[in-house]
Amino acid sequence: MREPRPPGTPINMQRMRDWATEFAGYRINVTENRIDRWLNQFEDDHQDVAARLLDSVQFVSSEQMAALFRDALRSLGGWSLDEDEREGSWLFVPFTGSSGESGDVMIQRFRHANNMAGKGYSGLFGYRADLLRSRLGPDDTVVLVDDFSGTGDQACDSWEMIFDELLPERPRVVLLLVAASARAVERIASETDMEPHACITLGEGANLFSEACPYFADEEKEILRRYGEIADPQYPVGRGDCGLVVVFAHTCPNNTIPILHARRDEWEGLFRRYD
Amino acid sequence: MATGKEFAPRAIGVKEVSVSELQPNPHNPRMLFDREPLRVLLESVDRVGILVPLTVYYDRRAEHYVILDGQRRWMVARELELPTVPVNEVAEPTLVQNIVTMFQIHKLREDWELMPTALKLELLMEELQERNERKLAALTGLDRAVVGRCKKLLNFPRRYQDMMLDPDPEKRVKADFFIELYAVRNDRLVNSFKWFERDEFTDKMLERYEKRAGLRSVTDFRVVKQHITNARRAGKKKQIETRFRQFTDDESFGIDHLAIQSAEVDAHTRQLTSEIEQLIAGLREVDPDEFYGEEALWDGLENLLKVVVSKLKKAGRRINV
């Protein structure tokens with residue numbers, strides 16, 4: 001979460017431009033008009049807290065994601081772009097999603113970021129359905145690539161129900177995430193055989209509604225919670241009660257507060273998850 | 001052909017092993033262990049101990065024992081905090097032996113988990129060079145119908161298989177969708193249409209199903225297949241091609257669009273004709289003396305005669321009774 005501007009900072013043209021520039025890479029264009037419409041969903045007395053909420057959004061651009069992927073891969077022990085120097089066999093697989101979905105987008109970004117887009121590297125990438133026949137063993141590494149884990153629920157459940165069974169010969173399994181909550185990282189590490197590797201780890205302070213978040217007063221948090229109930233009555237503070245304000249260029253996680261992304265008759269989020 | 005016995009792991013001996021040294025078999029199909037049967041087992045083990053040794057092998061690389069058979073007994077032993085359990089150790093099986101053993105021991109999984117089962121079956125089919133469903137069913141203990149379903153899933157490209165393996169329940173596509181779609185996607189007449197492309201068709205149906213645009217349920221594909229079959233039998237190939245293309249390309253065309261009236265009549269006629277032939281054959285077997293007192297039968301036949309005479313008259317047929 002980024003530190004917002006002080007309370008009372010004017011919501012002027014410059015600030016609007018700054019937001020539009022900051023969020024320029026989002027897959028559905030975030031224009032000044034859209035920002036204005038989003039703000040107008042808040043009552044006059046609540047415009048200031050809404051504006052500070054936008055200030056606090058942690059937007060991960062495509063360029064940042066590419067840099068994070070490069071650093072992440074370099075940090076994985078045993079990896080080398082040079083096949084002769086690589087330890088064991090490696091296979092990179094989308095953790096979730098399929099063609100055209102988030103997982104596929106992640107893998108493509110990962111490949112490009114690490115200069116592996118060429119045909120020569122195609123053998124390093126596969127589908128989940130390839131895992132069993134790959135027969136990767138203890139000296140080998142499988143890297144599951146995904147964008148985000150908020151609670152670790154999906155990762156832990158799917159390890160139990162899918163991946164553990166598809167990897168019976170026990171290769172090293174790395175779950176590479178652009179971002180994850182510290183809670184998710186801990187759960188995945190303790191409840192699965194996967195090594196979670198989050199490029200960005202979000203501590204308790206990243207939960208807008210937690211006491212550890214210093215940027216919003218209790219009254220402001222309550223105001224935002226009430227708007228969250230309009231945006232998504234079922235998950236007013238985001239799935240898993242994560243209360244996050246993280247947005248990626250390609251999508252907004254559903255653990256992020258719904259004020260930012262929900263789309264209903266009663267609410268239009270700025271960072272829609274679907275077209 | 002393999003019968004199964006040659007896949008039985010070689011026995012080494014029975015001994016006591018620490019509960020903490022045991023791990024479930026990664027090939028074990030994921031099941032929810034119902035609490036009630038486990039509770040009954042727990043009470044039994046608490047009273048008399050584990051009477052039947054677990055079957056295990058020692059995984060040299062992981063440096064622990066892996067349970068081939070007896071996971072419930074192991075779970076109960078852990079809950080009761082037993083220090084050791086009796087095990088019958090067998091030699092570490094090959095991957096194929098392991099998969100076959102797991103298939104034979106465990107019951108089938110729920111639908112959405114069918115894909116991992118299908119992938120294991122694929123490995124077996126490759127290792128054993130065997131595709132016959134009956135033989136695979138005999139080897140694995142799976143129902144022949146399940147083997148058939150798995151083979152259908154394996155027929156789809158990997159990217160569709162991945163949809164069934166998606167950890168995200170909101171994105172995951174159930175195996176049933178692809179199993180029901182298979183008959184249409186692989187229909188011989190449909191594949192003869194020059195414009196038809198299997199994956200493109202599959203993508204469109206996925207989209208329609210997600211949006212519930214003209215497809216309420218995966219079993220709707222059975223109706224689609226039936227319409228195509230009816231049209232083919234009635235010689236309406238050109239018509240069904242046009243309608244099928246419209247149905248594929250335009251979501252506003254529902255399944256009903258594929259029903260060609262004359263083909264439907266033709267299909268209904270075949271069905272009725274078959275039922276009439278069966279009825280005739282059945283009636284020929286009826287000995288009036290034996291069935292003399294069966295009033296319901298005679299009443300039914302009299303009603304049938306009235307209906308038949310009425311229909312024949314309306315159809316302008318001569319009645320020779």
Side-chain angles (χ1 to χ4, degrees), chain A residues 93-104 107 125-140 144-150 152-173 175 188 192-194 239 251 253-254 273-275, chain B residues 23-32 59-64 66 92-96 98-99 102 106 109-110 112-113 115-127 153-154 156-173 199 202-203 206-207 210-211:
Chain A
V93 170
F95 178 70
T96 183
S98 54
S99 181
E101 293 281 345
S102 169
D104 196 49
I107 276 288
F125 295 88
Y127 292 98
R128 291 184 288 278
D130 291 324
L131 288 172
L132 185 64
R133 71 191 314 182
S134 70
R135 304 229 202 167
L136 295 174
D139 299 328
D140 306 319
L144 303 171
V145 182
D146 203 6
D147 51 7
F148 186 74
S149 180
D153 284 348
Q154 221 175 79
C156 293
D157 288 346
S158 63
W159 174 257
E160 173 72 22
M161 302 304 287
I162 302 173
F163 293 103
D164 189 25
E165 193 174 348
L166 295 181
L167 296 165
E169 301 195 73
R170 297 283 178 253
R172 173 192 178 203
V173 183
L175 177 57
I188 295 165
T192 76
D193 289 346
M194 294 189 285
R239 295 263 179 140
T251 193
N254 59 16
R273 282 163 51 77
Y274 304 108
D275 291 329
Chain B
Q23 289 290 324
N25 193 326
H27 285 293
N28 191 347
R30 295 299 178 259
M31 300 179 292
L32 292 174
D59 185 333
R60 279 172 282 113
R61 285 178 300 195
E63 293 181 349
H64 59 66
V66 178
E92 184 170 355
T94 62
L95 181 62
V96 170
N98 207 337
I99 291 175
M102 282 300 105
H106 294 288
R109 314 146 57 89
E110 291 180 15
W112 80 261
E113 300 161 12
M115 198 61 232
T117 299
L119 291 172
K120 287 182 184 176
L121 199 65
E122 183 183 50
L123 261 186
L124 283 184
M125 285 159 59
E126 283 175 7
E127 289 287 310
L153 294 181
L154 293 171
F156 284 88
R158 284 296 198 230
R159 67 184 178 96
Y160 296 124
Q161 293 175 6
D162 260 27
M163 292 179 188
M164 292 176 264
L165 295 170
D166 202 313
D168 188 343
E170 285 181 12
K171 293 177 189 166
R172 189 184 305 134
V173 181
D199 288 359
T202 303
D203 290 339
L206 274 165
E207 206 179 314
E210 205 176 312
K211 289 196 250 180

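Just so we're on the same page: letters track the sequence lines, and every chain starts at 1. In this text, all values refer to a predicted model and were calculated from it rather than measured experimentally.
For D130(A), the parts lying near chain B are the backbone and the side chain together; criterion is any non-hydrogen pair under 4.5 Å. With a 4.5 angstrom heavy-atom cutoff, L119(B) touches chain A via backbone and side-chain atoms both.
Residues M115(B) and R128(A) fail the side-chain proximity criterion, which asks for heavy atoms closer than 4.5 Å. Within the 4.5 Å cutoff, the side chain of P116(B) has no heavy atoms near those of the M161(A) side chain. Between P167(B) and D157(A) the shortest side-chain heavy-atom distance does not fall below 4.5 Å. By the 4.5 Å heavy-atom criterion applied to side chains, L165(B) and L166(A) are counted as neighbours.
Taking each heavy atom of Y127(A) and R158(B) in turn, the nearest pair found is CD1-CB, 3.3 Å.
Chain B forms the most heavy-atom pairs under 4.5 Å with one residue out of S158(A), P168(A), G137(A), and that residue is P168(A).
Put simply, the side chain of D162(B) gets close to the backbone of A129(A): a donor and an acceptor are under 3.5 Å apart.
Atoms CE and CD1, on M164(B) and I162(A) in that order, are 11.5 Å from each other to the nearest 0.5 Å. If you take CG on D168(B) and CG on D146(A), they are separated by 9.0 Å, rounding to the nearest 0.5 Å.
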* Asked: Taking it one step at a time, do E170(B) and R239(A) satisfy salt bridge (charged side-chain N to carboxylate O under 4.0 Å, His left out)?
  -> CA-CA 13 Å; E170(B) 285 181 12; R239(A) 295 263 179 140; 2.9 Å; yes
